[in-house]
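One structure is given below, encoded as structure tokens.
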Number of protein chains: 2
Amino acid sequence: MKLSEGVEAAIHCAATLVSVEGEGTIPGAALAGQFGLSPSYLLKHLNALTAAGILESVPGPYGGYRLALPADRISLLDIVLAVEGPEPAFRCGEIRQNGPVKLDRSAYVKPCGINAAMLRAEKAYRKALAGERLSEIVHNFMTEADPRSVAAGCAFVERHQRPQKSPKQK
Amino acid sequence: MKLSEGVEAAIHCAATLVSVEGEGTIPGAALAGQFGLSPSYLLKHLNALTAAGILESVPGPYGGYRLALPADRISLLDIVLAVEGPEPAFRCGEIRQNGPVKLDRSAYVKPCGINAAMLRAEKAYRKALAGERLSEIVHNFMTEADPRSVAAGCAFVERHQRPQKSPKQK
DNA sequence: GCAATATTACTCGGATATACGATGTCCGAGTTAACAAGG
DNA sequence: CCTTGTTAACTCGGACATCGTATATCCGAGTAATATTGC
């Protein structure tokens, strides 16, 4: 049971994009640099978030990524599912049917109780993840984190933000 | 996010061992045959359960595995942790510190809010898993599952059970 | 001076290698029951 | 017939290949700003 490393990157990027104003965007390469990640690899995960409708991507110069939804509509569950895929962590292989004694298929119409129990637990996990909204995480960061860290985050956004409507600013 | 395949096998084996009477044991090879698994590979997982204090192993002829605890003291969480390892699924790599601008270490004494949120959700998951007791799962299986399936399970235990105290029975 | 056009630089997107971990297999150490031999 | 020592078979336990997936990388398609050129 372990989540891929990309989940952490995806959440950090999404949290950073919350601070972007209006139609502005931040290039994927800038985000990769901010977190010391391989740009080409981060793109893969950002792409997954885009496909899931969490981010929007705009190509060309002054392009980049922005949130496709308001931050209070995005939960950690959305991000995790987008990166890891929607299938549950516990996949029942129906090994109860693999024994040497072959019973009729009708003996297995009832779902496997073990599978049901594992899925109940996983449902609780997803419910908890769905309760963690991106807006709340960013809010807590702004109010509780070290001021230097907050300032550095804001400076990064200021520096790389690309306003979509007024490209003449320099 | 996906659990290893061995978790399913481990849970099925543990559930099967609940029906063993008293000091009796079932060999690992028999369990592997019952679920159509590679015997040598299943041993690895059963070994992990033994190391975690969930199972007991007795060597030699008429040896095998038995539960080390009463079934109502064993939860699915215990089994999952034994097989997958105790570390949490989400491991914070502290990528927030990997950026080009290096802040003093004192700026990061507060734990990462994203990590905290993920761990909260995982705590809920573990709590739910801890509530799923092995005794309950077996009880539900006995009362709700198809009678043919229950009979097959009992027959398997009868056939391979190795009483520890009276080996003369044949 | 202005507008239209070609260029260019910058972005994302998918196809392609590589590394690590889970999966699967094998052989050895240990233990206990059975057996044989001696008393 | 009972005791004792030996044998042998069966068990688990850890070390060794193999496969699959996540990780990492590269190159190509697309787009919009910009420079250029003609009017």
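Note: hydrogens, waters and symmetry copies are ignored here, and every other heavy atom, side chains too, is used. Residue numbers start from 1 in every chain, and the chains themselves are labelled A, B, ... in the order their sequence lines are given, proteins ahead of strands. Please read all numbers here as calculations on a predicted model, not as lab measurements.
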In whole angstrom, give the distance that lies between atom [atom1] of [X] and atom [atom2] of [N].
X        : N       : atom1 : atom2 : value
Glu5(A)  : dC20(C) : CD    : P     : 12 Å
Leu42(A) : dA22(D) : CG    : C1'   : 15 Å
Tyr41(B) : dA22(C) : OH    : C1'   : 6 Å
Glu56(A) : dT31(D) : CD    : C1'   : 16 Å
His45(B) : dG14(D) : NE2   : C1'   : 15 Å
Phe35(A) : dA24(D) : CZ    : C1'   : 19 Å
Leu37(A) : dA24(D) : CG    : C1'   : 11 Å

Quick one, [X] and [Y] - any side-chain contact, counting heavy atoms below 4.5 Å?
X         : Y         : result
Glu122(A) : Met118(A) : no
Thr25(B)  : Val20(B)  : no
Ile74(B)  : Arg133(B) : no

Cluster link Leu67(B) to Ile11(B), ILVMFWY, side chain under 4.5 Å: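 Same cluster: Leu67(B) reaches Ile11(B) through Ile, Leu, Val, Met, Phe, Trp or Tyr contacts under 4.5 Å.
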
B/S/- contact track for nucleotides 3-17 of chain C, protein heavy atom under 4.0 Å: --------SSSS---

Hey, can you pull the donor-acceptor pairs under 3.5 Å for the side chains in residues 85-92 of chain A, sequence neighbours left out?
| residue | atom | partner | partner atom | Å |
| --- | --- | --- | --- | --- |
| Arg91(A) | NH2 | Leu3(B) | O | 2.7 |

Glu8(A) side chain to Gly93(B) backbone, donor-acceptor under 3.5 Å: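 Yes, the answer is positive, given that a donor and an acceptor are paired below the 3.5 Å cut-off.
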
Show me, pair by pair, the donor-acceptor contacts under 3.5 angstrom made by side chains of residues 47-61 of chain B, not counting sequence neighbours?
| residue | atom | partner | partner atom | Å |
| --- | --- | --- | --- | --- |
| Thr50(B) | OG1 | Leu46(B) | O | 2.9 |
| Glu56(B) | OE1 | Arg66(B) | NH1 | 2.8 |

Salt bridge (Lys or Arg N to Asp or Glu O under 4.0 Å) contacts in which one or both residues fall within residues 25-44 of chain A, not counting sequence neighbours: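 Counting only pairs at least two positions apart or across chains, no salt bridge (Lys or Arg N to Asp or Glu O under 4.0 Å) contact touches residues 25-44 of chain A.
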
Under-4.0 Å side-chain N/O to phosphate OP1/OP2 contact, Ser38(B) with dT23(C):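 Answer is no, no contact under 4.0 Å.
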
Members of residues 75-82 of chain B that approach DNA chain D, where some heavy atom sits under 4.0 Å away: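 The stretch gives none, as no residue of it lies under 4.0 Å from the strand.
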
When the side chains of residues 138-157 of chain A are checked against the rest of the protein, which donor-acceptor pairs come out under 3.5 Å, sequence neighbours left out?
| residue | atom | partner | partner atom | Å |
| --- | --- | --- | --- | --- |
| Thr143(A) | OG1 | His139(A) | O | 3.1 |
| Thr143(A) | OG1 | Asn140(A) | O | 3.3 |
| Asp146(A) | OD1 | Arg148(A) | N | 2.9 |
| Asp146(A) | OD1 | Arg148(A) | NE | 3.0 |
| Asp146(A) | OD2 | Arg148(A) | NH2 | 3.1 |
| Arg148(A) | NH1 | Ser106(B) | OG | 3.1 |
| Arg148(A) | NH2 | Ser106(B) | OG | 3.0 |

